[in-house]
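Reviewing the structure listed below.
Residue numbers run from 1 in the order of the sequence given. Keep in mind that what you see is a predicted model, and the values were worked out from it rather than measured.
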Amino acid sequence: MSTSIYNIPVKSIQGEDINLNQYQGKVLLVVNVASKCGLTPQYEGLEKLYQDKKSQGLEILGFPANNFLAQEPGSDAEIQEFCSLNYQVDFPLFSKISVAGDDKHPLYETLTQAVPERIGEGPWWKDLVDYGLTPNEPPEVLWNFEKFLINKNGEVVARFAPDITANDPRIVDAINAELAK
């Protein structure tokens with residue numbers, strides 16, 4: 001499925017209404033983030049990837065979400081302060097949205113429908129089950145820090161499981177391939 005995300009309205013973390021069309025011609029990595037998750041340290045790797053690749057045309061877009069065990073309870077201002085102080089996040093953050101369930105934001109409806117299956121279903125999925133949790137089945141977002149790769153035309157081209165980190169060769173190679181096009 002070829003679906004452009006450019007005309008979907010979102011809010012910046014400062015509350016400004018915007019469309020993603022300002023990112024046309026860039027390669028995007030869209031990530032649902034959370035401040036109180038075991039995967040929160042991934043902010044560090046995401047920021048490093050952003051600093052390494054932004055001059056080549058990569059944008060990382062962080063969308064805070066509180067869908068999983070209330071691991072993003074803060075306000076937009078609190079989230080922005082946390083990310084700045086703890087991880088020096090410079091990549092764009094957006095206002096908190098829902099990424100799963102009946103109130104799923106249209107952006108995540110588009111992303112999950114475009115690429116319903118994730119790359120990297122590893123042992124982390126089983127850890128969730130071992131903790132007594134019932135992870136979402138595809139096409140729903142599994143957990144915080146799931147990653148969607150968008151090409152320069154606004155099409156979703158890949159989707160990575162939450163425990164696939166920003167320095168994983170599967171992500172890096174996919175980003176490099178899209179940047180080279």
Side-chain angles (χ1 to χ4, degrees), residues 3-115 136 139-157 159-160 162 165-166 171 175:
T3 304
S4 174
I5 50 97
Y6 293 136
N7 295 321
I8 299 172
V10 294
K11 287 188 182 289
S12 71
I13 201 154
Q14 296 84 14
E16 176 185 336
D17 290 324
I18 61 172
N19 283 331
L20 297 175
N21 60 6
Q22 69 188 44
Y23 298 106
Q24 283 183 321
K26 303 261 185 181
V27 173
L28 308 177
L29 189 66
V30 175
V31 186
N32 59 298
V33 296
S35 300
K36 300 191 181 305
C37 176
L39 300 175
T40 299
Q42 285 193 30
Y43 271 121
E44 185 175 344
L46 290 167
E47 181 60 26
K48 181 177 184 335
L49 178 64
Y50 180 63
Q51 293 303 324
D52 290 349
K53 301 282 183 188
K54 72 179 178 178
S55 66
Q56 297 170 46
L58 176 68
E59 291 288 341
I60 295 177
L61 309 181
F63 286 87
N66 198 35
N67 294 91
F68 308 103
L69 294 180
Q71 293 180 340
E72 188 54 275
S75 68
D76 286 348
E78 291 167 333
I79 294 164
Q80 185 174 25
E81 180 179 17
F82 172 86
C83 290
S84 178
L85 290 176
N86 294 289
Y87 295 100
Q88 296 74 51
V89 169
D90 191 41
F91 59 81
L93 294 171
F94 293 82
S95 186
K96 189 163 44 172
I97 62 172
S98 176
V99 299
D102 293 339
D103 62 343
K104 185 183 340 176
H105 190 279
L107 173 61
Y108 271 79
E109 186 65 44
T110 300
L111 295 174
T112 57
Q113 292 305 313
V115 179
N136 290 332
E140 289 290 329
V141 169
L142 172 62
W143 205 258
N144 303 307
F145 291 90
E146 194 153 318
K147 299 150 193 82
F148 291 85
L149 183 62
I150 317 295
N151 69 15
K152 294 176 184 177
N153 298 318
E155 300 161 336
V156 185
V157 294
R159 177 179 180 178
F160 301 92
T165 60
I171 287 181
I175 288 170

Considering only heavy atoms from C-beta outward, does the side chain of Pro92 approach that of Phe94 to under 4.5 Å? yes

Mark yes or no for whether Glu109, through its side chain, and His105, through its backbone, hold a donor-acceptor pair below 3.5 Å. no

Under 4.0 Å between a Lys/Arg side-chain N and an Asp/Glu carboxylate O for Glu16 and Lys11? no

Interatomic distance, Gln71 atom CD to Thr40 atom OG1 [nearest 0.5 angstrom]: 7.0 Å

Side-chain (Glu78) to main-chain (Ser75) donor-acceptor, under 3.5 angstrom: yes

Polar contact flag, side-chain donor to acceptor under 3.5 angstrom, Gln42-Lys147: yes

Aromatic plane relationship, Tyr43 with Phe145 - under 30° parallel, 30 to 60° tilted, over 60° perpendicular: perpendicular

Side chains of Cys83 and Leu93, heavy atoms from C-beta outward: is any pair under 4.5 Å? yes

If I compare all heavy atoms of Ala100 with all of Asn67, which pair ends up nearest, and what's the gap? O-ND2, 3.2 Å

Using only atom types and a distance under 3.5 Å, with no angle test, would you say the side chain of Asn151 pairs donor to acceptor with the backbone of Asn153? yes

Tell me the closest heavy-atom pair linking Cys37 and Pro41, and the distance in Å. O-CD, 4.2 Å

Roughly how far apart are Asp103 CG and Ile97 CD1, rounded to 0.5 Å? 10.0 Å

If you measure from the Lys or Arg side-chain nitrogens to the Asp or Glu carboxylate oxygens, is any gap between Lys54 and Asp90 under 4.0 Å? yes

For Tyr108 and Val141, work out which heavy atoms get closest and say how close. CD2-CG2, 3.7 Å

For Phe82 and Ser35, which heavy atoms make the closest approach, and how far apart are they? CD2-OG, 3.3 Å

Any side-chain heavy-atom pair from Lys104 and Glu140 closer than 4.5 angstrom? yes

Does the side chain of Val10 reach to within under 4.5 Å of the side chain of Leu20, using non-hydrogen atoms? yes

Between Lys36 and Asn66, is any pair of side-chain heavy atoms under 4.5 Å apart? no

For the residue pair Thr165 and Leu46, establish whether any side-chain heavy-atom pair is separated by less than 4.5 Å. no

Any donor-acceptor pair under 3.5 Å from Tyr6 side chain to Asn19 backbone: no

Would you say the side-chain atoms of Glu59 pair up with the backbone N or O of Lys26, donor to acceptor, closer than 3.5 Å? no

Give me the atom names and distance for the closest heavy-atom approach of Ile171 to Ala166. CG2-O, 4.1 Å

For the atom pair OH (Tyr87) and CD (Glu44), what is the distance rounded to the nearest 0.5 Å? 7.5 Å

Asp76 side-chain N/O to Lys96 backbone N/O, donor-acceptor pair under 3.5 Å: yes

May I have the step-by-step check of side-chain contact (heavy atoms from CB on, under 4.5 Å) for Val156 and Leu149, ending in yes or no? CA-CA 6 Å; Val156 185; Leu149 183 62; over 6 Å; no

Between Ser84 (side chain only) and Gln80 (backbone N and O only), is there a donor and an acceptor less than 3.5 Å apart? no

Do Ser95 and Phe63 touch side chain to side chain, with heavy atoms closer than 4.5 Å? no

Within-4.5 Å side-chain heavy-atom neighbours: Phe68 and Asn136: yes

Is a donor from one side chain sitting under 3.5 angstrom from an acceptor on the other, for Asn144 and Glu72? no

Taking side chain to side chain contact (heavy atoms under 4.5 Å, CB included) as the criterion, tell me which of Leu111, Val157, Val27, Leu61 meets it with Ile150. Leu111

Donor-acceptor check, side chain of Arg159 to backbone of Ala114, threshold 3.5 angstrom: yes or no? no

For Glu81, look at atom CD and say whether over 12 heavy atoms of other residues, nucleotides or ligands are found less than 6.0 Å away. no

Apply side-chain contact (heavy atoms from CB on, under 4.5 Å) to Val33 and Ile79, showing your working. CA-CA 10 Å; Val33 296; Ile79 294 164; 5.7 Å; no

Approximate separation, where rounding is to 0.5 Å, of Gln51 CD and Leu58 CG: 10.5 Å

Is it the case that the ring center of Phe160 lies less than 6.0 angstrom away from the ring center of Phe148? no

Whether Asn32 side chain and Val99 backbone form a donor-acceptor pair below 3.5 Å: no

